[in-house]
Enquirer: 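Dumping the structure here so I can ask a few things about it.
When a ligand or atom number is given, it counts from 1 through the structure's own listing order. From a predicted model like this one, the values you see are computed outputs, not experimental measurements.
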Amino acid sequence: MDTRYKQVLKKLKKYNQENLLIFYHNLHKDQKQILLSQIENIDIELLKENYKNCLNQTIDDNAKIETLNFIYSSNIKNEEKIKYFNLGEKIIKENKYVVVTMAGGQGTRLGLAKPKGCFELELKPDKKKSLFEILCDNFKIAYEKYKVYIEWYIMTSSDNDSDTQNFFKTHNYFNYPKEKIHFFVQENMPILDLNGNMVLDKEFKIKEVSNGNGNVFYSLKKNGILNDLKKRNVEYIFFCGIDNVLLKAIDPLFIGMLSDSNYKIASKTVEKLAYEKNDWIFARKNDVISLISPKRLSKENLNKKEFKQINILEHLLKIDALEECCNMKLPYHIALKKNNYLNEEGVKVVAKTTNTYKFEQFIFDIFEHFDNMLILNVKRKDEFAPIKSFTRHYTPDNAIKLYLKVKNKNI
Ligand code: UTP
């Protein structure tokens with residue numbers, strides 16, 4: 001038996017995970033190498049530490065919870081708005097603004113067999129548009145206005161990268177210049193079954209999935225994009241998800257407001273509705289900016305407007321802040337997710353309910369590293385219509401209705 005195999009077996013035995021080699025002796029030579037090198041590269045200590053920390057997390061019932069300062073877009077005076085707009089438009093025209101879309105998620109709640117961004121909405125009987133195309137429309141409209149092709153960075157995962165890139169190719173990059181669209185792949189982390197053990201995806205592969213949208217910073221740096229942005233004198237970087245069909249990816253008002261302020265980062269919020277009782281809200285917790293569960297609020301605070309501002313995954317960073325974030329070590333959060341895997345009998349387990357733990361870094365964990373930030377409350381009907389699942393509220397049908405109310409004339 002070769003020494004490499006023995007070392008890997010020893011590593012696994014230390015954590016009682018040697019079952020991952022159950023099919024090893026029947027594998028082809030190449031497959032054996034793939035499995036061994038994957039295991040060599042997995043930081044099992046970190047995985048176990050995450051598992052222990054996440055499950056033992058206690059809630060600090062005595063935490064000091066305070067409101068943050070929000071700016072309500074509806075309260076901004078017209079002359080101020082014009083000033084911010086002009087500042088923002090200047091930044092766009094000078095090519096100092098780029099967009100990063102985080103599209104590396106698994107979209108487990110929608111349960112599609114393709115990347116979430118490829119999901120097509122039937123806007124009219126003869127008109128379908130994918131989430132990627134809807135987002136790309138923002139860039140094309142900006143080009144019409146500013147005669148600038150804004151660079152678009154798209155984070156994918158090893159699971160969905162080739163499907164995503166092929167989708168863009170077959171749709172001719174939605175007629176946006178393809179050299180302005182850049183794909184980069186985020187990192188993975190193994191998932192665990194409900195007993196805390198790693199599982200296989202194939203006989204020669206451990207099941208790993210993307211490790212959360214907070215990995216975007218590490219991945220931007222690792223892929224040389226941070227350096228590239230600095231070389232090109234980019235000053236403002238906007239981060240967004242893929243599933244809000246009313247997202248304003250290029251908003252001169254928001255850009256101008258951040259540029260006119262001393263803050264390094266900014267974020268948009270909408271006021272939560274009654275059914276969003278579990279959505280986390282912006283607050284200051286023990287003196288740092290955090291997102292907290294509304295369950296942590298007293299009855300008195302629950303009804304305050306300032307404690308109703310939810311995160312809509314739209315964050316704008318100045319380049320210095322981006323560099324700081326790229327050097328941060330963000331914590332991992334645990335989530336129960338549906339995942340298919342191969343069991344020890346070699347049978348594919350098809351998840352009907354949540355059956356595995358996934359570890360994710362969240363982009364919002366950067367906030368606590370900044371003393372303060374600009375937070376802009378925007379009108380939900382104009383800017384927020386996400387798609388998360390086919391049931392409850394954030395459904396494709398609801399998103400289509402909201403989209404058509406705003407964009408009907410332009411599709
Ligand atoms: P969500 O938290 O809604 O997750 O991601 P999801 O993967 O899309 O869907 P579920 O929870 O499994 O049903 C919000 C945004 O963050 C991106 C997603 O692609 C989406 O745009 N994301 C999430 C990543 O880029 N990487 C990740 O590892 C996770």
Enquirer: With backbone taken as N, CA, C and O and side chain as the heavy atoms from C-beta onward, which portion of V216 lies under 4.0 Å from ligand 1: side chain, backbone, both, or neither?
Expert: neither
Enquirer: Who's the nearest protein heavy-atom neighbour of atom 25 (O) of ligand 1, and how far?
Expert: G104 N, 2.8 Å
Enquirer: Measuring only between side-chain heavy atoms, which start at C-beta, is I225 closer than 4.5 Å to H182?
Expert: no
Enquirer: Is the shortest N/O to N/O distance between K116 and ligand 1 below 3.5 Å?
Expert: yes
Enquirer: So do E151 and V234 actually touch side chain to side chain, heavy atoms under 4.5 Å?
Expert: no
Enquirer: Please say whether G107 places an N or O atom under 3.5 Å from an N or O atom belonging to ligand 1.
Expert: yes
Enquirer: May I ask you to check if ligand 1 and M102 share an N or O to N or O distance below 3.5 Å?
Expert: yes
Enquirer: Which ligand 1 atoms are under 4.0 Å away from a heavy-atom of Q106?
Expert: 7 (O)
Enquirer: With the side chain counted from C-beta on, respond yes when E360 and K337 share a heavy-atom pair under 4.5 Å apart, and no when they do not.
Expert: yes
Enquirer: Counting non-hydrogen protein atoms only, what is the nearest one to atom 16 (O) of ligand 1? Give residue, atom name and distance.
Expert: N213 ND2, 3.3 Å
Enquirer: Kindly indicate whether a cation-pi arrangement holds for K129 with Y403, taking the cut-offs as under 6.0 Å to the six-membered ring centre and within 45° of the axis.
Expert: no
Enquirer: Taking only heavy atoms of S210 into account, list the atoms of ligand 1 that are under 4.0 Å away from them.
Expert: 27 (C), 28 (O)
Enquirer: Does K147 make a cation-pi contact with Y143 (under 6.0 Å, within 45 degrees of the axis)?
Expert: yes
Enquirer: Could you identify the single nearest non-hydrogen protein atom to atom 26 (N) of ligand 1 and state the distance to 0.1 Å?
Expert: Q186 OE1, 2.6 Å
Enquirer: Among all protein non-hydrogen atoms, which one is nearest to atom 23 (C) of ligand 1, and what is the separation to 0.1 Å?
Expert: G105 CA, 3.5 Å
Enquirer: For atom 27 (C) of ligand 1, which of G212, G117, A335, C240 has the closest heavy atom?
Expert: G212
Enquirer: Check ligand 1 against E360 and write out every atom of the ligand that is under 4.0 Å from a heavy-atom position of the residue.
Expert: 29 (C)
Enquirer: Just wondering, are more than 12 heavy atoms of other shown residues or ligands nearer than 6.0 Å to NZ in K140?
Expert: yes
Enquirer: So, do Q7 and E40 sit near enough that their side-chain heavy atoms are less than 4.5 Å apart?
Expert: no
Enquirer: Parallel, tilted or perpendicular: which describes the rings of W152 and F139, with under 30° parallel and over 60° perpendicular?
Expert: parallel
Enquirer: Which of the atoms in ligand 1, numbered in the order shown and given with their element, are less than 4.0 Å from a heavy-atom of L313?
Expert: 14 (C), 15 (C), 16 (O)
Enquirer: Please work out whether any backbone atom (N, CA, C, O) or any side-chain heavy atom from C-beta onward of A103 is under 4.0 Å from ligand 1, and answer side chain, backbone, both or neither.
Expert: backbone
Enquirer: Could you check whether the rings of F70 and F282 sit parallel, tilted or perpendicular, using 30° and 60° as the cut-offs?
Expert: perpendicular
Enquirer: Numbering the atoms of ligand 1 from 1, which are under 4.0 Å from a heavy atom of T108?
Expert: 9 (O), 10 (P), 12 (O), 13 (O)
Enquirer: Is a side-chain N or O of S259 found less than 3.5 angstrom from the main chain of G256, in a donor-acceptor match?
Expert: yes
Enquirer: Is the NZ or CZ atom of K96 positioned over Y236's six-membered ring, under 6.0 angstrom from the centre and within 45° of the axis?
Expert: no
Enquirer: Show me which atoms of ligand 1 lie under 4.0 Å from any heavy atom of M155.
Expert: 25 (O)
Enquirer: Any idea which protein heavy atom is nearest atom 2 (O) of ligand 1, and the distance to it?
Expert: R109 NH2, 4.0 Å
Enquirer: Which of the numbered atoms in ligand 1 are below 4.0 angstrom from a heavy atom of G241?
Expert: 21 (O)
Enquirer: Considering K338, K358, K337, K388, which one's heavy-atom position lies nearest to atom 11 (O) of ligand 1?
Expert: K337
Enquirer: Between K304 and E306, is there a salt bridge with N-O shorter than 4.0 Å?
Expert: no
